[in-house]
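Some notes on the structure that comes next.
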There are 2 protein chains.
Amino acid sequence: MNFSHKDLSGKLAGHNIRPSFQRLKVLEYLIQNQCHPNAEQIFNELQNVIPTLSKTTIYNTLNKFADAGLVKVLNIEDNEARYDIITETHGHFKCEECGTIYNFKIDLDAVNVEELKGFITTERNVYFKGTCQKCLLNINYSKRKEHVS
Amino acid sequence: MNFSHKDLSGKLAGHNIRPSFQRLKVLEYLIQNQCHPNAEQIFNELQNVIPTLSKTTIYNTLNKFADAGLVKVLNIEDNEARYDIITETHGHFKCEECGTIYNFKIDLDAVNVEELKGFITTERNVYFKGTCQKCLLNINYSKRKEHVS
DNA sequence: GTTCCTGCAAAAGCTTTGCAGAAGA
DNA sequence: TCTTCTGCAAAGCTTTTGCAGGAAC
């Protein structure tokens, strides 16, 4: 998919965020790469487009987006935040072999927790960890090869 | 509850961890304070018991416990890890007012996710955020007072 | 006598802050 | 003009690493 400058500006304006060039590019990147990037990845990618870009701006922008509710911050590991354009409630699966984070549909909005009666819940997160199918196949393949040789 | 040296040593031995004094104290602390402490809190508390204690040892110990599957690392915020003695599957609720992390019962082991067919899931985490009842009551109380005065 | 553990100091890595100049309203 | 934004440099924080002395088995 492709997004016009107008689409992107509109989205920012809807959250009271001024449409600077840097912000538009970060937003565009997040929409086109829904792969839960961290600040580093976004920075590296956009440096090609904006040579003078600084990491501070990436952080400023991401924090602004997060405050505005445009993106969600994922803290699956403790040493880096990952950013997710907010679409609908979904869970995350992190493969501990390859590091890929997958989305999966799960609806916790309906879940009613007895112990949280009287609490206000504003955010519901689910993340699983394990090994993804791709890596499992690779591991099995390696083992078979090992066995043969 | 109180735990004898023998109980604690046994628990460590069961995970192939040598029962040094420091490790026993960290374990004891985690069992007696199931309040999801971070490294800092554990360090401060245990410094009273072990004056020569260093933060490195806290990290060494917690990492060892985590590797052995004795504790679970919670990454609800990105700037600090919190540690949770593993008991049974439960969710975490973090109050954004007072910072307290509450446990609640939720069983995701039964959840079957179509999109994760062929994946191996080793860890399932749920965390909610919002405002706890205690803080909600305080906020309401303040508002009432404000209104009266 | 080895191997493992502790803790100091230093480093590493992610993120925030201060600030001055530039851009936008 | 006045506010907001960018990006450099520096600082802040949590966590890890290197290493030497000490403890445990």
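Note that the structure is a prediction, hence the values are computed from the model and not measured. Within every chain, numbering begins at 1; the chains are lettered A, B, ... in the order of the sequence lines, protein sequences first and strands thereafter.
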State yes or no: are the ring centers of B:Phe128 and B:Phe104 separated by less than 6.0 Å? yes
Rounding to a whole Å, what distance do you find between A:Tyr83:OH and C:dC14:C1'? 9 Å
Gap between atoms CG and P, on B:Asn16 and C:dC5 respectively (whole Å): 11 Å
Flag yes if A:Val71 and A:Leu8 sit in one hydrophobic cluster, no otherwise; membership is Ile, Leu, Val, Met, Phe, Trp, Tyr, and two members link when side-chain heavy atoms are under 4.5 Å apart. yes
Distance in angstrom units between B:Phe43 CZ and D:dC13 C1', rounded: 15 Å
Five-pair end axes of the helix from C:dG1-D:dC25 to C:dA25-D:dT1, angle between them (10°): 30°
Rounded to whole angstrom units, what separation is found between the CG atom of A:Asn75 and the P atom of C:dC14? 14 Å
Considering non-hydrogen atoms only, spot the tightest contact between B:Ile17 and B:Ala68 and give its length. CD1-CB, 3.8 Å
Going 5' to 3' along nucleotides 4-11 of chain D, which nucleotides have protein heavy atoms under 4.0 Å from the base (write B), which only from the sugar-phosphate (write S), and which from neither (write -)? SSBBBB--
Check this one for me: any side-chain N or O of B:Asn63 less than 4.0 Å away from OP1 or OP2 of D:dT15? no
What residue pairs, at least two apart or across chains, pass ring-ring contact (aromatic ring centres under 6.0 Å, His included) with a residue in residues 55-84 of chain A? none
Between D:dT15 and B:Tyr59, is there an OP1 or OP2 to side-chain N/O distance shorter than 4.0 Å? yes
Decide side chain to side chain contact (heavy atoms under 4.5 Å, CB included) for B:Leu62 and B:Ile42; before the verdict, give the C-alpha distance in whole Å, the side-chain angles of both, and the deciding distance to 0.1 Å. CA-CA 10 Å; B:Leu62 291 172; B:Ile42 302 171; 4.0 Å; yes
Whole Å only: how far is the CD atom of B:Glu77 from the C1' atom of D:dC13? 14 Å
Going by side-chain contact (heavy atoms from CB on, under 4.5 Å), A:Val26 matches just one of A:Ile58, A:Asn60, A:Ile50, A:Ile31. Which one? A:Ile58
note: A:Ile58, atom CD1; C:dT16, atom C1'; distance rounded to Å ~ 15 Å
What is the distance, rounded to the nearest whole Å, between atom CD of A:Gln41 and atom C1' of C:dC14? 14 Å
Measuring from B:Ile85:CD1 to B:Tyr29:OH, what's the distance to the nearest 0.5 Å? 12.0 Å
A:Val126 and B:Tyr102: same hydrophobic cluster, using ILVMFWY side-chain contacts below 4.5 Å? yes
Are A:Leu30 and A:Val49 co-members of a hydrophobic cluster defined by side-chain heavy atoms under 4.5 Å apart? yes
Base, sugar-phosphate, or nothing: which does B:Asn38 touch, judged by heavy atoms less than 4.0 Å apart? nothing
